[in-house]
Each structure stands twice: as structure tokens, then as C-alpha cells.
Amino acid sequence: MLKYLAAIAVLASPVGAEELNYSAFPGNGKFSFDIGLGVKAGPSYPGSDEMDAGVWVPLRNVHFGEGDKIRRDGFSFGPDFGYVGERDSSDDDDLAGLDDIDRAIEVGGRVSFVRGPVTSYATSRVGLGGHSGVTGEIGMRYHMDINDRLSLSSGLEVDYGNAEFVDTYFGVSAEEAARSRYSEYDAGGGFSKASAKVSMRYSLSELTSVLGEFEYGRLIGDAADSPIVQDRDQPVIRIGITRNISLNF
């Protein structure tokens with residue numbers, strides 16, 4: 001099962017990191033998830049001041065049983081996956097002289113606490129591929145059903161990473177400094193970005209939905225102080241169509 005979910009995550013957009021939502025409620029012999037296709041616009045690399053468009057493949061509401069259709073108060077636990085696209089120095093003049101970074105799949109877990117319309121959560125993942133650090137998010141989300149078809153949610157979130165993760169994307173080694181216009185910079189771990197998010201979901205049918213998201217992120221900590229950061233503000237907008245897939249077993 002883990003390999004199956006990781007393979008789906010690889011299909012995510014090659015630009016930036018994807019947020020994947022999971023639930024772990026008691027099952028009834030059914031495994032279900034929403035997967036779709038859309039477009040996104042955001043910084044061309046973490047810290048860039050240039051916007052770039054790309055393909056977005058959202059993966060949402062992965063769960064056993066009824067999952068997200070029934071919001072239960074209390075704690076829940078589940079897997080959590082992430083994907084970070086490659087960084088190629090030839091794609092942006094601001095990256096000239098810096099090392100290329102391969103795509104990375106992130107594998108870990110999530111703990112959530114639901115109280116009415118409010119969900120608090122924390123995630124932790126380890127990277128495979130482009131980075132081998134530890135990263136995750138801590139956040140809170142407010143969910144509101146407008147009617148049977150339309151739902152809205154908003155939330156606040158902070159990203160964190162250990163020194164290996166942050167230094168991979170924001171550090172400048174001595175070798176990179178020698179061949180680029182940047183000074184050597186050793187980035188430490190800690191909180192790296194704070195974000196406010198708003199999302200909308202409109203059900204076209206029982207299985208198909210339109211999904212829209214806007215995220216305003218701002219780099220903080222050692223990530224924000226990196227010489228390669230051209231703009232600390234990191235807005236992202238996404239829109240797509242998702243389809244629910246259910247597997248009975």
C-alpha cells in the first residue's frame with residue numbers, strides 16, 4: 001500500500017511542494033481517495049521572485065472507511081506523503097552556479113485533532129531522493145459547509161525542517177559560492193515558512209469536484225535570510241478537478 005501511494009505522489013506537479021491530505025478513521029473494507037488534474041502558479045523555486053505555471057495533480061482525502069465524509073471529534077493518525085520538484089540551475093538566472101537538486105518523495109505520518117469545524121494537525125516526513133532531511137507542518141484549519149455542494153476552509157500553517165532539509169534548498173556551499181554570485185551560507189534547521197490558506201470545493205457530482213486553493217506564504221528563519229532568496233513572499237494559486245476513487249476489499 002505504501003508503495004502504491006508513493007507512486008501516486010510522484011505524479012504531482014514538478015514545481016514546488018505538494019500538500020496531501022489524509023484521514024485515519026476506522027475502516028469498513030473500503031479504501032478511498034480523491035485524485036485529479038489542474039494547474040498551479042507559484043514561485044519558480046523556493047525563494048524566487050518569478051512566478052511559474054505548472055501542472056497540479058492534487059491527492060486528497062486518502063482514508064479507510066467513510067473517512068472525511070464523517071467528521072469525528074478526537075484524535076486520528078495516518079500516513080503523510082509529500083513531493084518536492086527538482087531545482088535546475090539552468091531554469092533561472094538567479095540559480096546560476098548553484099547545484100541542481102533532484103525530485104524528492106517525502107514519507108511520514110500525521111496526527112490530527114478534530115473539534116467541531118476545527119482541525120489541528122502536525123506532520124513529519126523524511127525525504128527520499130533530492131533531500132534526506134526531515135520536514136513537516138503544524139497547522140490549524142477551519143471547515144465550513146455552505147450547502148450540499150459547496151464547502152470552504154481556511155487555515156494557518158508553519159513549515160519546519162531540520163538543518164539538512166533547510167540547507168539543501170537555502171544553503172550555499174563553498175563550491176557553489178566560488179562559481180556563483182552568492183556568499184557561502186550555512187542554513188540551520190527550524191521553522192522555514194508561515195502560511196495562510198483558503199480553499200474551496202464544489203461538488204459537480206457525488207464523485208467529481210472542482211477544487212481551488214490560494215496560499216500566501218512567507219519565508220522565515222534561516223530560510224528567509226538565505227542569499228538566494230529574492231522574495232520572502234511566496235504566493236501560490238491552484239485550481240483543478242478531482243475524482244473520487246474507491247477500492248473495496
Side-chain angles (χ1 to χ4, degrees), residues 5-6 9-10 12-22 40 42-49 59 77-89 92 94-95 98-112 120-141 155-174 176-177 182-197 213 215-236 238:
L5 292 175
V10 173
S13 166
V15 181
E18 293 302 312
E19 175 194 354
L20 311 180
N21 295 336
Y22 298 85
K40 63 178 289 187
S44 59
Y45 69 88
S48 175
D49 60 353
L59 176 62
F77 303 86
D80 196 73
F81 299 89
Y83 176 83
V84 185
E86 65 181 357
R87 191 186 76 181
D88 193 326
S89 60
D92 195 303
D94 292 322
L95 298 176
L98 300 182
D99 292 338
D100 295 338
I101 303 174
D102 293 334
R103 296 177 176 87
I105 296 173
E106 299 170 345
V107 180
R110 166 185 295 254
V111 58
S112 302
S120 304
Y121 59 90
T123 69
S124 182
R125 301 181 300 275
V126 64
L128 305 171
H131 79 86
S132 55
V134 176
T135 184
E137 301 84 31
I138 301 172
M140 180 178 293
R141 182 173 65 248
L156 299 174
E157 183 178 270
V158 289
D159 296 9
Y160 70 88
N162 65 359
E164 186 169 357
F165 172 82
V166 180
D167 196 54
T168 296
Y169 295 99
F170 297 98
V172 180
S173 68
E176 290 175 310
Y182 301 114
S183 301
E184 183 177 356
Y185 183 71
D186 186 16
F191 293 115
S192 57
K193 187 174 73 171
S195 303
K197 300 183 178 184
E213 298 182 348
E215 172 187 345
Y216 169 74
R218 184 169 176 83
L219 296 176
I220 57 177
D222 279 15
D225 295 333
S226 169
I228 73 171
V229 171
Q230 308 301 316
D231 193 341
R232 296 185 177 186
D233 296 328
Q234 302 282 281
V236 181
R238 309 176 181 95

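Position 1 is the first residue of the sequence; numbering continues from there. Predicted model, so just to flag it, every value in this text is computed and none were measured.
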Check: Please walk me through it: do R218 and D233 pass side chain to side chain contact (heavy atoms under 4.5 Å, CB included)?
Finding: CA-CA 5 Å; R218 184 169 176 83; D233 296 328; 2.7 Å; yes

[X] versus [Y], closest heavy-atom pair with distance:
X: D49; Y: Q230; answer: CG-CB, 3.6 Å
X: S48; Y: P43; answer: O-CB, 4.0 Å
X: Y160; Y: T123; answer: OH-O, 2.7 Å
X: P227; Y: S183; answer: CG-O, 3.9 Å
X: V166; Y: A187; answer: CG1-CB, 3.8 Å
X: H131; Y: A104; answer: CD2-CB, 3.7 Å

Under a 3.5 Å cutoff, is there a donor and acceptor pairing between the side chains of [X] and [Y]?
X: Y169; Y: R87; value: no
X: S132; Y: E164; value: yes
X: S44; Y: D92; value: yes

Gap separating the [atom1] atom of [X] from the [atom2] atom of [Y], nearest 0.5 angstrom:
X: L219; Y: D159; atom1: CG; atom2: CG; answer: 9.0 Å
X: K40; Y: R238; atom1: NZ; atom2: CZ; answer: 5.0 Å
X: S89; Y: L98; atom1: OG; atom2: CG; answer: 7.0 Å
X: D102; Y: T168; atom1: CG; atom2: OG1; answer: 11.0 Å

Item checked: Candidate pair I228 and V172, rule side chain to side chain contact (heavy atoms under 4.5 Å, CB included), full reasoning -> CA-CA 8 Å; I228 73 171; V172 180; 3.7 Å; yes

Margin query: Check whether D222 reaches the backbone of G188 with its side chain - one donor and one acceptor, N or O, closer than 3.5 Å.
Written below: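 Checked: pair present.
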
Check: Checking side chain to side chain contact (heavy atoms under 4.5 Å, CB included) for the pair S120/M140: CA distance, chi angles, key distance, verdict?
Finding: CA-CA 4 Å; S120 304; M140 180 178 293; 3.4 Å; yes

Margin query: Check this for me, if you would: do E137 and R110 make a salt bridge, where the nitrogen-to-carboxylate-oxygen distance has to be below 4.0 angstrom?
Written below: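 Looking at E137 and R110, the cut-off is not met.
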
Heavy-atom distance under 4.5 Å between the side chains of [X] and [Y], does that happen here?
X: Y216; Y: S195; value: no
X: V107; Y: R125; value: no
X: Y45; Y: V229; value: no
X: Y185; Y: E176; value: no
X: N162; Y: T135; value: no

Next item on the list: Using the test salt bridge (Lys or Arg N to Asp or Glu O under 4.0 Å), find all partners of D225 that sit at least two apart in sequence or belong to another chain.
Entry: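 Salt bridge (Lys or Arg N to Asp or Glu O under 4.0 Å) list for D225, sorted by chain: R232.
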
Check: Of E215, E157, Q234, which meets side-chain hydrogen bond (donor to acceptor under 3.5 Å, both in side chains) against K193?
Finding: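 Running side-chain hydrogen bond (donor to acceptor under 3.5 Å, both in side chains) over E215, E157, Q234 with K193 returns exactly one hit, E215.
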
Next item on the list: Please test E106 against L128 for side chain to side chain contact (heavy atoms under 4.5 Å, CB included), starting from the C-alpha separation and ending with a verdict.
Entry: CA-CA 6 Å; E106 299 170 345; L128 305 171; over 6 Å; no

Note to self: Would R141 and Y121 count as a side-chain hydrogen bond (donor to acceptor under 3.5 Å, both in side chains) here? Give the steps.
What the structure shows: CA-CA 8 Å; R141 182 173 65 248; Y121 59 90; 4.8 Å; no

